[in-house]
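Below: one structure, written as structure tokens.
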Amino acid sequence: MIIHSLAEVTGTEREVRGPLWTSRRLLLAGDGVGFSLNDTVVHAGAELEMQYLNHVEAVYVLEGRGELTDETGETHSLEPGVLYLADAHQRHTLRAHTEFRALCVFDPPLSGREVHDERGAFPPPGQAPAR
């Protein structure tokens, strides 16, 4: 059985920061469960362009409000209780209207220190994370 708490990972190497977000990585590849789970906060006013070329990501909104624009240009409202899944490597833009908190599941799992590259992607599994 694996048990982690948000308080336990905050302030450790499992807490990874980008300029517009903080990701607390509760489950990682090393936990051996086949996916990773992050508690992620995106700062109010942030706009993140992403395209996960090497992963599938599911995002479940816990707190805050924002919007997601997909690669077709369609915009979707994000608020607590809404889930979105980028399953075909779609380019998408997340805009946080308020501080935005979500649970994010990645397949394949993250190793722990990944940050977005210039395309808004994380590196392939087994490749050294960008710093």
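Counting begins at 1 with the first residue of the sequence.
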Cluster partners of L53, using ILVMFWY side-chain heavy atoms under 4.5 angstrom, listed by chain and number?
none
Who clusters with I3? Use side-chain heavy atoms, under 4.5 angstrom, across I, L, V, M, F, W and Y, and order the result by chain and number.
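Noted: I3 shares its cluster with M1.
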Is a side-chain donor or acceptor of E15 paired with a backbone partner of G11 at a separation under 3.5 angstrom?
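At least one qualifying donor-acceptor pair exists.
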Counting distance only, does the side-chain N/O of E8 pair as donor-acceptor with the main-chain N or O of L6 below 3.5 Å?
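Side chain of E8 to backbone of L6: no pair is present.
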Who passes side chain to side chain donor-acceptor pair (under 3.5 Å) against H43, sequence neighbours left out?
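In terms of side chain to side chain donor-acceptor pair (under 3.5 Å), with neighbours along the sequence ignored, H43 is linked to no residue.
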Going by heavy atoms in the side chains, are [X] and [Y] under 4.5 Å from each other?
X    : Y   : answer
V56  : L85 : yes
F100 : L62 : no
R91  : M50 : no
N38  : L27 : no
V33  : F35 : yes

Run the numbers on H89 and H55 for side chain to side chain contact (heavy atoms under 4.5 Å, CB included), then give the verdict.
CA-CA 7 Å; H89 311 297; H55 298 85; over 6 Å; no
V61 reachable from V105 in the ILVMFWY side-chain graph, under 4.5 Å edges:
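Each belongs to a different hydrophobic cluster.
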Is L20 linked to V59 within one hydrophobic cluster, defined over Ile, Leu, Val, Met, Phe, Trp and Tyr using a side-chain heavy-atom separation of less than 4.5 Å?
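Yes, L20 connects to V59 through the hydrophobic network.
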Would you check if there is a donor-acceptor pair between the side chains of T93 and T69 at a distance under 3.5 Å?
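There is no such pair between these side chains.
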Decide whether T72 and D70 meet the rule of one side-chain donor and one side-chain acceptor closer than 3.5 Å.
yes
Residues passing the side-chain contact (heavy atoms from CB on, under 4.5 Å) test with R65, sequence neighbours excluded, are E79, P80, T98
With sequence neighbours left out, what residues match Y52 under ring-ring contact (aromatic ring centres under 6.0 Å, His included)?
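Listed in chain order: F106, H116, F122.
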Given side chain to side chain contact (heavy atoms under 4.5 Å, CB included), test R25 with V16 step by step and report yes or no.
CA-CA 8 Å; R25 288 149 185 207; V16 179; 3.7 Å; yes
Residue pairs involving residues 36-62 (criterion salt bridge (Lys or Arg N to Asp or Glu O under 4.0 Å); sequence neighbours excluded):
R24-D39, D39-R101, E47-R95
With side chain to side chain contact (heavy atoms under 4.5 Å, CB included) as the criterion, how do L26 and V9 come out once you've worked through the C-alpha distance, each side chain's angles and the decisive distance to 0.1 Å?
CA-CA 7 Å; L26 295 162; V9 302; 3.9 Å; yes
Would you please test V42 and L48 for side chain to side chain contact (heavy atoms under 4.5 Å, CB included) and show each step?
CA-CA 9 Å; V42 179; L48 300 168; 4.0 Å; yes
Non-hydrogen atoms of P123 and N54 that approach each other most closely:
C-ND2, 3.7 Å
